[in-house]
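These notes concern the structure reproduced below.
No experiment lies behind these values; they were computed from the predicted model shown. Residue numbers start at 1 and run along the sequence shown.
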Amino acid sequence: MLEELVVAAVAAGSAGALYVASAARVVKQYERGVVLRLGRLRDEIRPPGFTMIVPGVDRLRKVNMQIVTMPVPAQEGITRDNVTVRVDAVVYFKVVDPAEAVIQVEDYRFAVSQMAQTSLRSIIGKSDLDDLLSNREKLNQGLELMLDSPAIGWGVHIDRVEIKDVSLPETMKRSMSRQAEAERERRARVINADAELLASKKLAEAAATMSEQPSALQLRLLQTIVAVAAEKNSTLVLPFPVELLRFLERSAQQGPPAAAAPPAPQPAPPPADPVAPAPESVPLDPSPASDAALPPGFPQSVRADDEVPGTGEPPAHGTGRTPPGPV
């Protein structure tokens, strides 16, 4: 009897130990447990640590709550300005609702991966090449919004999306390099032209200053000679002394002034006809009565507004004058 009790106790202990071993579960710190009892979701989410389930009735699924780094395969597409490119990216996401991640989607990792690829191709078609190369921050934000909208229903939060690399065809790379080289050459020419303009203005000011002081030009010449002689690999020959040149310059400045050009000859006036003096006793009355009182053969007086016969000129005095002619 005693032996049977001992055997039964040992059997019961073994069964209990086996039950506990099959029902015990351990959930890690970065995981959460979702229990399905007879295929139905339990509202309680098992926290990290030791937990128990009903063997054969409950099924525990562990969901990782860490941030997952998922690379997106390179996608080839045509940009809005008709350039073929290959773009790859990386997605950072994590599960925020373990129950939704288990119930709403079969495999949330695969779903996020496929959604990232389609969204990346859509971003390539909507963007220009310049945006892909220089404005990636804006494209990253747009890609993150496109992924986060459907992922919220799966209990997944998209932390961030980054475009890794943009591959261009070799012909496009050569074209861009030529464009950049031409742009740099244009800038260099503009800078050189500005420098030449500024240098010409400064040289003009220096020339004006040196022209006021002739000794300054001589000092400048001496400085140039010193600069050339510093190399010690050339011979400088001055055929004329500077003082002789200065003497000739001063002599030219103090020379007699050039003779003025003779004035243009004036045309000689036409010779005037000899005029006989008028008799003193004859009055110069312009009235008709005084003309009638003159002796026969004497020319009549000229009115003030009449012309002198033979000349076409008006009389010189206001009252009249005797025209030239024989007395």
Side-chain angles (χ1 to χ4, degrees), residues 5-75 87-124 126 136-165:
L5 293 176
V6 172
V7 171
V10 171
S14 301
L18 183 60
Y19 176 82
V20 171
S22 60
R25 296 289 186 274
V26 176
V27 180
K28 298 179 182 179
Q29 181 66 35
Y30 55 85
E31 294 176 341
R32 298 294 183 271
V34 178
V35 178
L36 298 175
R37 178 166 294 176
L38 297 177
R40 191 177 183 87
L41 177 67
R42 300 284 294 178
D43 296 334
E44 181 184 1
I45 302 297
R46 301 300 172 91
F50 181 80
T51 184
M52 296 288 292
I53 61 173
V54 179
V57 178
D58 294 343
R59 183 181 176 183
L60 179 66
R61 294 191 60 177
K62 300 177 183 179
V63 180
N64 193 338
M65 304 296 291
Q66 291 177 318
I67 295 179
V68 180
T69 303
M70 177 179 294
V72 180
Q75 303 297 314
V87 182
D88 56 351
V90 59
V91 181
Y92 301 90
F93 67 94
K94 64 180 180 180
V95 177
V96 293
D97 192 347
E100 295 291 335
V102 172
I103 301 301
Q104 297 296 331
V105 64
E106 180 181 3
D107 187 354
Y108 64 89
R109 290 175 179 264
F110 182 74
V112 171
S113 175
Q114 296 300 314
M115 180 59 67
Q117 295 180 30
T118 56
S119 300
L120 183 58
R121 284 194 295 268
S122 178
I123 285 292
I124 292 174
K126 295 179 181 179
R136 294 189 181 182
E137 190 67 27
K138 182 178 179 180
L139 298 181
N140 293 337
Q141 295 178 0
L143 190 57
E144 180 180 347
L145 292 176
M146 294 179 65
L147 287 175
D148 198 27
S149 298
I152 291 178
W154 304 337
V156 177
H157 171 67
I158 304 299
D159 189 66
R160 63 184 306 170
V161 182
E162 294 288 342
I163 295 178
K164 294 172 60 177
D165 188 23

Write down the atom of [X], the atom of [Y], and the distance for their closest heavy-atom approach.
X      : Y      : answer
His157 : Asp148 : ND1-OD1, 4.0 Å
Val27  : Arg46  : CG1-O, 4.4 Å
Arg32  : Ile45  : CB-CG2, 4.0 Å
Asn64  : Tyr108 : O-OH, 4.1 Å
Val35  : Leu60  : CG2-CD1, 3.6 Å
Ala99  : Leu41  : CB-CD2, 4.1 Å

Any heavy-atom pair between the side chains of [Y] and [X] that's under 4.5 Å?
X      : Y      : answer
Trp154 : Glu100 : no
Leu38  : Val57  : yes
Val72  : Val91  : yes
Phe93  : Asp159 : no

Full working for side chain to side chain contact (heavy atoms under 4.5 Å, CB included) between Arg42 and Leu36: CA-CA 6 Å; Arg42 300 284 294 178; Leu36 298 175; over 6 Å; no
Pair Ile123-Met146, side chain to side chain contact (heavy atoms under 4.5 Å, CB included): steps then yes or no: CA-CA 9 Å; Ile123 285 292; Met146 294 179 65; 3.7 Å; yes
Within this structure, what is the [atom1]-[atom2] distance for the pair [X] and [Y], rounded to the nearest 0.5 Å?
X      : Y      : atom1 : atom2 : answer
Ile158 : Ile152 : CD1   : CD1   : 9.0 Å
Thr69  : Lys94  : OG1   : NZ    : 12.5 Å
Ile67  : Arg160 : CD1   : CZ    : 10.5 Å
Gln75  : Asp88  : CD    : CG    : 9.0 Å

Short side-chain to backbone donor-acceptor contact, [X] and [Y], under 3.5 Å:
X      : Y      : value
Asn140 : Arg136 : yes
Ser14  : Val10  : yes
Gln104 : Val102 : no
Ser119 : Met115 : yes
Arg59  : Gly56  : no

Thr51-Arg25 side chain donor-acceptor pair, cut-off 3.5 Å: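 Side chains of Thr51 and Arg25: no pair found under 3.5 Å.
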Steps toward side chain to side chain contact (heavy atoms under 4.5 Å, CB included) verdict (Met65, Glu31): CA-CA 6 Å; Met65 304 296 291; Glu31 294 176 341; 5.8 Å; no
Test: Lys164 and Glu162 ion pair at under 4.0 Å: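 Salt bridge absent between Lys164 and Glu162.
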Evaluation steps, side chain to side chain contact (heavy atoms under 4.5 Å, CB included), between Tyr92 and Val161: CA-CA 6 Å; Tyr92 301 90; Val161 182; over 6 Å; no
Give a yes or no on this: more than 12 heavy atoms of other residues, nucleotides or ligands lie within 6.0 Å of atom [atom1] of [X].
X      : atom1 : answer
Arg121 : CZ    : yes
Glu106 : CD    : no
Arg37  : CZ    : yes

